[in-house]
Amino acid sequence: MISRLPRWVEGGAFALAFVAGNVNAIGLLGFSHQAVSHLSGTSTLLGLELARLDAAAAVHLLLVLLSFVLGAVFSGVLIDSSALQSGRRYGVALWVETGLLVLAMLALHYNSVAGHYLASAACGLQNAMVTTYSGAIIRTTHVTGLFTDLGLMLGARLRGQALDRRKLLLFLLLIGGFISGGLVGALVYALLHFQALLLPALLTALLAMLYQRYLRRR
């Protein structure tokens with residue numbers, strides 16, 4: 001599957017993983033140590049709050065989960081295929097993600113928890129958008145699956161199977177993008193607080209413009 005993807009996918013995947021890592025770092029630092037780019041930790045926290053009978057906290061975490069799902073739902077409505085095809089509405093999805101991140105920044109600036117939900121929806125949209133053109137091979141908003149796939153590849157290599165170098169490079173780029181995004185997100189958050197979300201918003205806007213330019217050239 002990866003061998004059939006265009007060469008620019010690696011660059012786009014790195015950039016999107018950087019965006020997700022950036023948003024997640026800001027979430028961890030500013031959203032009560034709560035991740036927003038993936039749901040594993042949030043689901044665990046929901047279970048803890050239910051055990052404590054803290055209804056307010058449980059409802060908040062549930063809304064974060066639902067926001068992620070709604071972002072994915074929007075992507076599913078907008079993009080109707082699991083195969084990468086030029087002309088699909090990836091540019092539109094990126095513009096919507098940009099808007100969600102900007103709105104999240106504004107909401108958080110005014111101390112509104114709606115910013116948590118908007119940031120989570122942006123990540124859900126991005127994760128679903130990438131899945132629609134990669135068949136779930138590429139993940140940009142979390143790295144657990146990437147490390148698992150990397151381990152499987154290396155295990156297969158130890159058994160004597162050939163190593164798919166392009167797949168290995170893609171996984172390393174995604175992991176590196178997520179980690180470096182987290183690094184930059186933490187540094188910018190220390191300087192700008194929630195205005196740090198403007199950086200990933202600008203990056204998704206740039207990706208949208210580059211994709212639209214690519215379509216016009218084709």
Side-chain angles (χ1 to χ4, degrees), residues 10-42 44-45 56-57 60-61 63-72 74-75 90-130 139-144 146 173-213:
E10 281 89 346
F14 175 87
L16 288 174
F18 182 94
V19 165
N22 198 284
V23 173
N24 203 48
I26 295 169
L28 288 169
L29 291 170
F31 302 178
S32 302
H33 304 290
Q34 179 188 316
V36 291
S37 73
H38 53 88
L39 302 184
S40 300
T42 304
T44 301
L45 288 173
H60 171 67
L61 292 167
L63 289 174
V64 171
L65 295 174
L66 291 175
S67 297
F68 191 98
V69 174
L70 287 174
F74 179 85
S75 181
Y90 306 121
V92 176
L94 286 166
W95 280 119
V96 173
E97 182 178 358
T98 299
L100 288 171
L101 290 172
V102 171
L103 290 173
M105 178 189 70
L106 293 173
L108 290 164
H109 179 72
Y110 290 103
N111 298 315
S112 171
V113 293
H116 300 196
Y117 312 140
L118 290 164
S120 182
C123 290
L125 186 153
Q126 177 180 309
N127 201 47
M129 177 189 69
V130 174
R139 306 171 184 89
T140 61
T141 64
H142 57 95
V143 294
T144 303
L146 292 171
L173 284 171
L174 287 164
I175 292 168
F178 194 87
I179 293 173
S180 59
L183 169 64
V184 173
L187 294 174
V188 178
Y189 179 83
L191 297 174
L192 302 177
H193 204 48
F194 287 124
Q195 289 180 324
L197 284 171
L198 187 60
L199 174 59
L202 289 173
L203 287 174
T204 52
L206 177 60
L207 289 172
M209 289 187 287
L210 289 173
Y211 183 74
Q212 290 170 343
R213 182 182 177 186

So, for [X] and [Y], which heavy atoms are closest and what is the spacing to 0.1 Å?
| X | Y | answer |
| --- | --- | --- |
| Leu125 | Ala93 | CD2-O, 3.4 Å |
| Ala25 | Gly182 | CB-O, 3.4 Å |
| Cys123 | Val36 | CB-O, 3.6 Å |
| Phe14 | Gly176 | CE1-C, 4.0 Å |
| Gly91 | Tyr211 | N-CD2, 3.7 Å |
| Gly115 | Ala104 | O-CB, 3.5 Å |

Taking side chain as C-beta onward, heavy atoms only, is [X] less than 4.5 Å from [Y]?
| X | Y | value |
| --- | --- | --- |
| Val19 | Glu97 | yes |
| Leu210 | Leu206 | yes |
| Tyr90 | Leu207 | no |
| Asn127 | Phe68 | yes |

Rounded to the nearest 0.5 Å, what separation is found between the [atom1] atom of [X] and the [atom2] atom of [Y]?
| X | Y | atom1 | atom2 | answer |
| --- | --- | --- | --- | --- |
| Leu101 | Gln126 | CG | CD | 8.5 Å |
| Tyr189 | Leu29 | OH | CG | 6.0 Å |
| Ser120 | Leu65 | OG | CG | 7.0 Å |
| Asn24 | His142 | CG | NE2 | 11.0 Å |
| Leu118 | Leu108 | CG | CG | 8.0 Å |
| Leu199 | Ile26 | CG | CD1 | 7.5 Å |

Between Thr44 and Ser40 (side chain of the first, backbone of the second, donor and acceptor by atom type, cut-off under 3.5 Å), is there such a pair? yes
Has the side chain of Thr141 got a donor or acceptor atom that lies under 3.5 Å from a matching backbone atom of Ser37? yes
Check the angle between the aromatic planes of Phe194 and Phe31 and answer parallel, tilted or perpendicular using the 30° and 60° thresholds. tilted
Leu63 and His116: CA distance, side-chain angles, deciding distance, side-chain contact (heavy atoms from CB on, under 4.5 Å) verdict: CA-CA 9 Å; Leu63 289 174; His116 300 196; over 6 Å; no
